[in-house]
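Okay, structure first, notes after.
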Amino acid sequence: MKPRESLESLLRENQQRLTLALRAGGMAAWEWTGKKDIWTDELFELLELSKELEPSTALFFSRVHPDDLPDLRSAWQAAIDGHGSYASEFRIVLPGGRIRWLKGVGDVVRDDAGRAVRIYGLNWDITRERDLEAEKERLHRRARDASKAKSDFLTMLSHEIRTPLTAILGYADLVGATESAPQRLEYLRRIGINGRFLLGIVDDVLDLAKIEAGKLAIERSTVMVVDVLSDVRAMMEGRAMAKGLTLAVDIDGPIPLAIQTDGRRLRQILVNLVGNAIKFTEHGHVRVTARLLPTLAELAFDVADTGVGIAPADIESLFQPFTQVPAGITRTVDGTGLGLAISRRLAVMLGGEVSVRSEPGRGSTFTCTIAAGNVAGQNFGQPIIPSAAPPEIESRRGSAVGRILVIGGVPAQRDPLTTFLRAAGLEVEVAAVPTPGPLEESGDYRAVLIDVTEPSSHAAAIAVAERLRRGGHRGPLLAFTDGASTPAHDTDVFDATFTHPLDLRVVLDAIMRRPYESDRHPGESSNADDDDGRLRLLIIDDSVDAATLLQFGLEAHGYRTAIACNGRDAICEARRFLPHVVLSDLQLPDTDGFMLLGELRGLPDLAATRYVAISGSTERETSLRAGFDAHLVKPIGFPDLLGVLGGVTPPSPPAR
């Protein structure tokens, strides 16, 4: 064979191999020279064009989708003008309107002047890849929408559950304060226990949904470790004592006294772990130990118990949502199985982990680690965490002083009240009906309580109250009703109005709220007792029960209140009442709290008013960004509410 024929044969073989490789990869090759285009048969087939046609850039562009043509021309021209190589993805339109996606790449050959003289390129069909990518994006979007819908649903559900729970728990407490029958008290106690258990489930489900949706925010600040441990002990020691267990909280070796973390979430983790330990321990103790890990970058909190223990095969499943210890070990406790799942995820968000060591019958030790932050320069120590003092019973304080006058009322309602007040240390006098008889020395009474339940006594009660004020009485004037509309609600002479049955502790708080001053003289003025010196609160809630419950509690603490149950009435009531503080539910029948906030802020007379959002969710950041001054979650704890109100000073009343 001649050398020339051998070389030609080798070239043909290489061409055949290249063609097979391009076909196997679904690729079509082409060449552009500016004067002439060269296409392989595969490109004609890819574009479904006749091989009899003359290849050209214009012919290729004729198949490109009109919407993609401008970008393709731009990429092509950029490659020719010297801006890198050629690469583009675009759609083509085939006969019958069929759409396919192509990928195009090319290497540019330039002369000495940098002009493009040749481009070698490839095209191939990427329709399948684009379809898979689009399907992946569609599924991701569906998952994202489903997660948002779930989060929105759970937020709404939380609100709808919290609103009736507020009334259920609040009124159960009110009834329990005056109930003396042991069996009925036990019924009320169980209502409270199960209501708060249901509330815990709502909180756990909402937290888990937020974590899964990536919406649970971690708010890092300087946290005193001793404060966290003391709070956990105070919250959990009573529960441990109720089961006959010892709760020990200590620190093993020096630790940084202050760390950078989210104190609220750390407390939540530890309360979950300690509560779980108490739940599964019948005898012995639960011990919480804080220690600094050798790396000096993490703190560890060990929660050890002497409970039932866990089999090794069951340990990891405990951290899955809605999973509990298998029924074969125990089912004597309640729970949803969310606490450990949430605790582990929160610990990860705090830069640590939750792990467990356990053996059936020999107890368990759950360890939570968290990032301690930069501890350089921090004070280290090993303080002792004191035991929480046993809670005192309000009615047994015996430390109250002063004379109390109780006017009117039937013995069945009056006697528990007088007994309660006397047990608190107060000297109580009783007048059966509102008459002038016992009023000559009214200036010596710490407080006067008048029952206005009977319609026939309304006018006399008002007259007595007004005479007391004129006579120099500066202590609280408290009215009691049966809940119906009475003049006691419509006059400013009373400092607070309570509805039977009474929460006796709230009544005592209303009496004790003001210092007892026996040296005041008739006619002496006291700005603190003027109506303009008292905080006016407008409560806006679509639940009459929830609003009324808040009203009872706030009036018991000396505040003046008004109620509205929708946005329209809220605007009217705000114009009339001129509140210093507005407590507004975020979900109302005719509007939402955010829109209502804008309308109320637009009223000139409310320029100095503060606004507190009330909701069944924990979206505090959203409320604050919208313009609320504070955010409270239902059911509202009075200590939290009073804490918010404590820093509000009533401004001077606006000119009418």
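Just so it is clear, the model here is predicted, and its values are computed rather than measured.
- Between Asp605 and Arg536, none of the side-chain N atoms (NZ, or NE/NH1/NH2) sits under 4.0 Å from a carboxylate O, so this pair counts as no salt bridge.
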- request: Apply side chain to side chain contact (heavy atoms under 4.5 Å, CB included) to Gln268 and Asn272, showing your working.
  value: CA-CA 6 Å; Gln268 182 178 351; Asn272 273 340; 4.2 Å; yes
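- Evaluation of the side-chain hydrogen bond (donor to acceptor under 3.5 Å, both in side chains) test over residues 297-308, restricted to residues two or more places apart or in two chains, returns Arg291-Asp302, Asp302-Thr367.
- With respect to the salt-bridge test (charged N to carboxylate O, under 4.0 angstrom), the residues Arg267 and Asp231 qualify.
- Ser584 is listed as a side-chain neighbour of Leu596, based on a closest heavy-atom distance under 4.5 Å.
- Between Leu603 and Ala574, the closest heavy-atom pair is CD1-CB, 4.3 Å.
- In this structure, Met224 and Ala258 approach most closely via the heavy-atom pair SD-CB, 3.7 Å.
- Heavy-atom contacts from other residues, nucleotides or ligands closer than 6.0 Å to CZ of Arg138 number more than 12.
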field: Steps toward side chain to side chain donor-acceptor pair (under 3.5 Å) verdict (Ser615, Gln587)
entry: CA-CA 8 Å; Ser615 77; Gln587 297 188 24; over 6 Å; no
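- For the pair Glu353 and Arg344, the minimum side-chain heavy-atom distance is below 4.5 Å.
- Remark: the backbone N or O of Tyr611 is paired with a side-chain donor or acceptor of Asp629 at under 3.5 angstrom.
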Which donor-acceptor pairs under 3.5 Å do side chains of residues 245-252 form with protein atoms, sequence neighbours excluded?
{"unit_1": "Asp250", "atom_1": "OD1", "unit_2": "Thr289", "atom_2": "OG1", "d": "3.0"}
{"unit_1": "Asp250", "atom_1": "OD2", "unit_2": "Arg287", "atom_2": "NH1", "d": "2.5"}

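- Scanning all heavy atoms of the two residues, the minimum distance from Glu573 to Ala562 falls at OE2-CB, 3.4 Å.
- Counting only distance, with no hydrogens or angles, the side chain of Thr365 and the backbone of Ala304 share no donor-acceptor pair below 3.5 Å.
- Separation of atoms CG (Leu299) and CG (Leu293) is listed at 7.5 Å; rounding is to 0.5 Å.
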message: Please evaluate residues Thr609 and Leu538 with respect to the criterion side chain to side chain contact (heavy atoms under 4.5 Å, CB included), reporting the C-alpha separation (whole Å), side-chain torsions for both, the decisive distance (0.1 Å), and the verdict.
response: CA-CA 10 Å; Thr609 298; Leu538 175 59; over 6 Å; no
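- With contacts defined as side-chain heavy-atom distances shorter than 4.5 Å, the pair Val288/Leu229 qualifies.
- Around atom CZ of Arg130, more than 12 heavy atoms belonging to other residues, nucleotides or ligands sit under 6.0 Å away.
- A heavy-atom distance below 4.5 Å is found between the side chains of Ile255 and Val225.
- Here the CG atom belonging to Leu340 is positioned 12.0 Å from the CZ atom belonging to Arg345, to the nearest 0.5 angstrom.
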message: Using the rule given for side chain to side chain contact (heavy atoms under 4.5 Å, CB included), can you reason through Ile614 versus Leu586, listing the C-alpha separation, both sets of side-chain angles and the distance that settles it, and then say yes or no?
response: CA-CA 6 Å; Ile614 303 173; Leu586 292 183; over 6 Å; no
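- Atom CD of Glu89 sits about 9.0 Å away from atom CD of Glu129, to the nearest 0.5 Å.
- Taking each heavy atom of Leu597 and Gly627 in turn, the nearest pair found is CD2-C, 3.8 Å.
- Between the CG atom of Leu583 and the CG atom of Asp541 there is a distance of 9.5 Å, given to the nearest 0.5 Å.
- Using a 4.5 Å heavy-atom threshold, the side chains of Tyr559 and Arg534 count as separate.
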message: For Phe577 and Leu537: C-alpha separation, side-chain torsions, deciding distance, then whether side chain to side chain contact (heavy atoms under 4.5 Å, CB included) applies.
response: CA-CA 9 Å; Phe577 189 59; Leu537 278 76; 5.5 Å; no
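- Atom-to-atom distance recorded for Phe594:CZ and Glu599:CD is 14.5 Å, nearest 0.5 angstrom.
- The structure places CD1 of Ile269 at 4.5 Å from SG of Cys368, a figure rounded to the nearest 0.5 Å.
- Looking at heavy atoms from C-beta onward, Glu219 lies out of side-chain contact with Arg265 at the 4.5 angstrom threshold.
- Side-chain contact between Leu550 and Leu641 is present, with at least one heavy-atom pair separated by less than 4.5 Å.
- By the 4.0 Å N-to-carboxylate-O rule, Arg141 lies close enough to Glu137 to be salt-bridged with it.
- Contact of the Val612 side chain with the His631 side chain is not registered, since no non-hydrogen atoms from C-beta on lie closer than 4.5 Å.
- When every heavy atom of Leu578 is checked against every heavy atom of Leu606, the shortest pair comes out as CA-CD2, 4.0 Å.
- Considering every non-hydrogen atom in both Val356 and Ser364, the closest pair reads CG2-CB, 4.5 Å.
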